[in-house]
Amino acid sequence: MKRNLKIYMVGIKGVGMTALSIYLKMKGYQITGSDIDEVFPTDQVLYENNIQILKGFSPENIRSRDINLVVTTGAHRGLMNEEVQEAIRQKIDVLTHAEMLGKI
C-alpha cells in the first residue's frame, strides 16, 4: 500500500481498530475515523496519537473528506454501515478489519 493514503476507520474506538489505527499512523498513513459518542477506554490513546474521531456515523463524513480507503469493523452494522455504503457508492476501496490485517 502507498504510504500517503488517507484511511478512514469506521468504528475506530474498538480495541482492535484503535490498535490498527495507531499501527497504520506509525507507518505513515493519514488516519481519521468515526464512532459512537460514548466514552471508550481507547479515546485517550487515540487523542494522544493525534487521531481525529468524528462523533456518530454519517455519509457526510465520507463526502467531506479526501479518502483513499475505508476500513470497517463488524460492529455498527459492518458493511451495511451508512458510511461504508457511501464509500462504496463513491467507489472508495473498503476493507474489513480482518482483511486489512491480512494485507499487513
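Atom set for the values below is all heavy atoms of this structure, side chains included, hydrogens, waters and symmetry mates excluded. Because the structure is a prediction, the values reported are computed rather than measured.
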Please check if the side chain of Thr42 supplies one atom and the backbone of Gly14 the other of a donor-acceptor pair under 3.5 Å.
no

His97 vs Met9, side chain to side chain contact (heavy atoms under 4.5 Å, CB included): CA-CA, chis, key distance, verdict:
CA-CA 9 Å; His97 178 261; Met9 312 287 285; 5.7 Å; no

Does His76 reach the side chain of Asp35, with side-chain heavy atoms less than 4.5 Å apart?
yes

How long is the span from the OG atom in Ser58 to the CD atom in Glu86, to the nearest 0.5 Å?
8.5 Å

Hey, does the side chain of Glu83 reach the backbone of Pro59 with a donor-acceptor pair shorter than 3.5 angstrom?
no

Between Gln30 and Ile7, is there a donor-acceptor pair closer than 3.5 Å when you use the side chain of the first and the backbone of the second?
no

What is the distance from atom OH of Tyr8 to atom CG of Asp66, rounded to the nearest 0.5 Å?
14.0 Å

Is there a path from Val71 to Ile51 through hydrophobic residues (I, L, V, M, F, W, Y) whose side chains come within less than 4.5 Å of each other?
yes

Val94-Leu54 co-clustered via ILVMFWY side chain contacts under 4.5 Å
yes

How long is the straight-line distance from NZ of Lys13 back to OG of Ser21, given to the nearest 0.5 Å?
12.5 Å

Working to the nearest 0.5 angstrom, can you tell me the gap between Ile31 CD1 and Thr18 OG1?
11.5 Å

Report yes or no: does Asn49 contribute a side-chain atom to a donor-acceptor pair with the main-chain N or O of Ile22 at less than 3.5 Å?
no

Check whether any side-chain heavy atom of Ile62 sits under 4.5 Å from a side-chain heavy atom of Arg89, and report yes or no.
no

Working to the nearest 0.5 Å, report the span between CD1 of Ile67 and CD1 of Ile92.
5.5 Å

CD1 of Ile12 to CD of Gln52, rounded to nearest 0.5 Å, is 9.5 Å

